[in-house]
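Read through the structure below, which is laid out as structure tokens, and then see the notes.
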Amino acid sequence: MNETKEKIMHGVFLLAAVTSIISLILIVVFIFTGGLPMMLDYGVFDFIFGTTWNQTTFGILPMIVGSILVTIGAIVLGVPIGVSTAIFMAEFCPPKLYSFLKPAVNLMAGIPSIVYGFFALRIIVPWIRNSFGGPGNSMLAAILLLGVMILPTIIALSESAIRSVPRSYYSGSIALGATQERSIFNVLVPAAKSGIFSSVVLGVGRAIGETMAVVMVAGNQPIMPRGLTQGVRTLTTNIVLEMAYASGQHREALIATGVVLFVFIMIINTTFLIVKSRGGES
Amino acid sequence: MSSKLLKGLVYASTLFTFGILGYLIFYILFNGVAYLTPSLFEWEYSTDNVSLMPALITTLYVVLGTLLIATPIGVFTGFYLVDYANRNNPVVKAISIATDTLAGIPSIIYGLFGFLFFVVYLEWQFSLAAGIFTVTIMSLPVIIRATEEALIASGMSIRQASYALGAGKLRTLFNVVLPVAMPGILSGVILATGKIIGETAALIFTLGTATQLPQSLFASGRTLSLHMYILSNEGLHVNEAYATAVVLLVFVILINGLSTLISKRLSRGGK
Amino acid sequence: MSTQPKIKVENLKLWYGDFEALHGVDLDIYEKEVTAFIGPSGCGKSTFIKTLNRMNDLVENVKIEGTVELDGKDIYKKKTDLNLLRKKVGMVFQQPNPFPKSIYDNVAYGPRTHGIKKKSELDEIVEKSLRQAAIWDEVKDHLDRNALSISGGQQQRICIARALAVEPEVLLMDEPTSALDPISTAKIEELVAQLKNDYTIVMVTHNMQQASRVSDRTAFFLNGHIIETDTTRKIFTNPSEKETENYISGRFG
Ligand SMILES: Nc1ncnc2c1ncn2[C@@H]1O[C@H](COP(=O)(O)OP(=O)(O)O)[C@@H](O)[C@H]1O
Ligand SMILES: [Mg+2]
């Protein structure tokens with residue numbers, strides 16, 4: 001009887017375990033069968049490299065470029081700040097302060113995107129409008145917003161990467177007469193670079209995938225980005241802006257936008273996994 | 001660059017990071033608390049009171065429904081990966097890759113999938129069920145990873161002790177390993193809860209945005225985050241949007257406090 | 001030898017993947033005796049003792065050949081009820097490993113596993129086992145305390161009580177005192193001398209004095225072979241093999 005119970009539960013656990021695989025397969029199948037036929041029908045080249053998007057013409061190059069530019073901007077802003085904060089947390093932070101800052105980083109990661117978006121809408125957008133002119137809802141707003149939103153990801157991963165560098169590196173450098181700062185910046189941080197790099201890759205994934213916060217501040221014009229203070233539309237926001245009322249080929253074009261986004265994400269994730277496993281080897 | 005300069009950059013960045021966080025929290029509370037009026041908490045939503053109560057309760061529905069499905073599946077997956085399958089088993093590799101991949105997919109793709117599969121293909125319409133199932137898949141990787149880590153950390157030695165007394169796998173797992181791994185699993189569940197509360201992109205085309213409390217699993221509703229998105233998008237009820245943000249923040253802070261507490265207990269309790 | 005051995009091992013080979021850790025071991029273990037395993041570390045003592053209650057089944061990629069008979073029945077036969085086998089052949093580990101539960105629940109865990117539910121019956125077993133493990137007097141007033149909160153030596157005796165609570169016939173102990181202080185060690189040695197009146201005991205030790213003090217019979221292991229088995233007195237005074245003599249006299253290991 002016990003034997004049967006063990007067997008049954010083994011089956012139950014296996015069943016639970018394949019749920020993830022089945023879900024992933026379903027996601028891939030439904031997104032791709034929903035979007036690929038339209039892409040093939042419309043012409044993959046025209047779809048990806050077309051620069052016009054309206055009710056009947058579906059070129060998503062503006063959104064691809066928008067996503068890439070916004071992501072690069074967020075990384076340029078967020079990585080130095082995030083990594084520097086991580087260095088502070090790992091090396092300079094007094095333990096008392098740390099017990100406040102660590103939960104604060106977790107809290108930062110837990111604040112809903114919608115709250116970040118709203119905050120940016122009320123603070124960053126008017127500031128841009130007043131300082132640089134233009135509508136305020138702009139690429140710059142999206143960049144500043146995402147730069148902040150990826151901070152917790154960058155900080156958490158970089159910090160643990162720095163912490164996992166063997167302490168002997170540090171003491172070795174100190175023993176050679178180097179100052180604390182020098183030992184940290186010239187020895188510890190370079191030794192943690194693969195972990196820091198993987199935090200950047202993950203940050204790229206976050207930035208390119210973020211939707212609801214971006215849609216609130218980016219202006220969302222489906223045209224080639226024309227400058228930091230002008231509006232921009234990304235792949236994610238393209239979907240959420242029009243899905244509610246789209247039908248026919250238009251809806252399929254939005255799903256196809258999802259296909260392109262999915263491919264981007266897969267490339268980023270694979271990079272992340274490779275970097276992570278490389279880091280694990282050394 | 002000189003070390004001194006770099007050190008200055010480190011301090012400035014840290015100040016910026018936590019300055020922004022502090023400013024955001026202060027700003028939301030400062031602008032929102034005053035609008036937490038009783039009418040915002042009336043049971044029925046109307047365009048006059050813009051009550052967030054139905055959204056609050058719907059959020060609880062979605063969180064509970066999701067955890068009810070995702071927790072056993074996620075925890076059982078952890079059991080299978082750590083205590084049942086051989087490490088080199090191809091199924092384990094596949095599950096691992098699937099879990100990592102699911103963790104990296106952005107919410108909007110989940111939303112798109114949930115819309116195509118649950119809403120359209122299964123004809124569930126915009127509904128509680130469609131929303132719950134969509135965020136269930138999203139939460140799985142969080143719970144699976146937390147369970148896996150907690151099970152591994154619980155160690156081989158107590159398992160051996162139990163087997164050596166003639167206990168079977170199930171009894172060992174449920175009576176000896178699970179109590180030890182519980183805090184770790186719990187912190188994964190709490191993390192998932194935070195994710196669900198903050199979710200919008202995956203829910204807007206699955207749960208929909210109906211203002212009333214859903215009367216069945218196949219009725220639409222809106223969570224607090226969705227409610228806030230719509231309020232701020234319409235631009236008519238900015239004050240209520242601030243107030244909703246306050247409620248969301250309070251939830252997130254509570255949840256984070258809880259998980260900090262648990263992880264403190266974890267490190268203090270030792271093995 | 002007039003009596004039948006309690007455990008009879010014949011030509012036992014064990015591989016971890018490609019690595020052969022035991023090369024055809026033969027050994028008889030007799031009832032109500034203490035059999036000690038000695039030998040340099042890495043020679044296969046732990047591996048061997050774990051084959052006696054099939055704890056090696058838990059290790060991945062282990063392959064085993066040969067026979068281990070308990071009361072004349074091969075425990076590696078397909079039909080063997082592993083849980084019943086481990087109830088009969090109990091085990092105490094090198095590191096004390098109490099469950100993070102109360103002292104009472106630790107000791108009651110085994111009996112509960114095997115279907116005993118009545119409180120009065122469990123109370124009786126718990127007390128008896130703790131008395132047998134010579135720790136009753138030290139813990140009787142706080143049975144509800146977490147077993148992890150007491151000292152290492154006490155924890156190990158709780159683990160012994162826990163093993164005794166399922167009424168095993170054989171008790172396997174893998175270096176049970178190597179993590180303990182000398183006073184706790186002495187207590188456990190005393191305990192072993194007591195227990196052999198009722199149980200068949202197999203004990204791995206890296207401590208030669210301990211082997212000579214507590215055991216009746218000793219097996220000397222080297223590189224996955226048993227070089228020599230005999231009465232403890234013979235092994236320690238007049239071993240037949242050169243390697244045994246070298247080891248006993250401290251020339252290697
Ligand atoms: N799980 C395992 N996988 C592979 N090799 C192992 C494993 N356990 C033990 N060994 C190897 O088997 C040999 C015997 O180990 P062990 O039985 O632990 O020795 P002892 O207890 O006598 O010190 C050693 O060479 C050890 O490295
Ligand atoms: Mg050993």
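Proteins get letters first, then strands, A, B, ... in listed order; numbering begins at 1 in each. Owing to the predicted nature of the structure, the values given are computational and were not obtained by experimental measurement. Both backbone and side-chain heavy atoms feed into the values below; hydrogens, waters and symmetry mates do not.
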Problem set entry | Polar contact flag, side-chain donor to acceptor under 3.5 angstrom, B:Thr17-A:Thr85 | yes
Region of [X] in contact with chain B, defined by heavy-atom distances below 4.5 Å:
| X | value |
| --- | --- |
| A:Leu202 | neither |
| A:Ile21 | both |
| A:Ile111 | both |
| A:Pro152 | neither |
| A:Arg251 | side chain |
| A:Phe185 | side chain |

Exercise. Quick check: does any side chain N or O of A:Asn238 sit under 3.5 Å from a backbone N or O of A:Leu254, one acting as donor and the other as acceptor?
Worked result: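 Pair absent, no side-chain N/O of A:Asn238 close to backbone of A:Leu254.
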Exercise. For B:Val82, does its backbone N or O pair with a side-chain atom of B:Glu148 as donor and acceptor, under 3.5 Å?
Worked result: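 No, B:Glu148 side chain to B:Val82 backbone: no donor-acceptor pair under 3.5 Å.
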With a 4.5 Å cut-off on heavy-atom pairs, point out which of [options] contacts chain A the most.
| options | result |
| --- | --- |
| B:Gly194, B:Ser225, B:Ala12 | B:Ser225 |
| B:Ile109, B:Thr200, B:Ile137, B:Leu140 | B:Ile109 |
| B:Leu249, B:Thr99, B:Ile105, B:Asn233 | B:Ile105 |
| B:Gly22, B:Gly104, B:Gly111 | B:Gly104 |
| B:Val252, B:Leu102, B:Leu170 | B:Leu170 |
| B:Leu112, B:Thr260, B:Ile197 | B:Leu112 |

At a 4.5 Å cut-off on heavy atoms, which part of [X] comes close to chain A: side chain, backbone, both, or neither?
| X | result |
| --- | --- |
| B:Ile28 | side chain |
| B:Leu191 | neither |
| B:Phe251 | neither |
| B:Tyr229 | both |
| B:Ile144 | side chain |

Problem set entry | Which of A:Ile123, A:Thr179, A:Ile255 touches chain B most, by non-hydrogen pairs under 4.5 Å |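 Of A:Ile123, A:Thr179, A:Ile255, A:Ile123 has the most heavy-atom pairs under 4.5 Å with chain B.
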Problem set entry | Among the listed options A:Gln180, A:Met266, A:Met216, the residue most often paired with chain B at heavy-atom distances under 4.5 Å |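 Heavy-atom pairs under 4.5 Å are most numerous for A:Met216.
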For this session: Mind telling me whether A:Phe32 and A:Phe262 have parallel, tilted or perpendicular rings, with 30° and 60° as the class edges?
Result: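 Answer is perpendicular, since the angle exceeds 60°.
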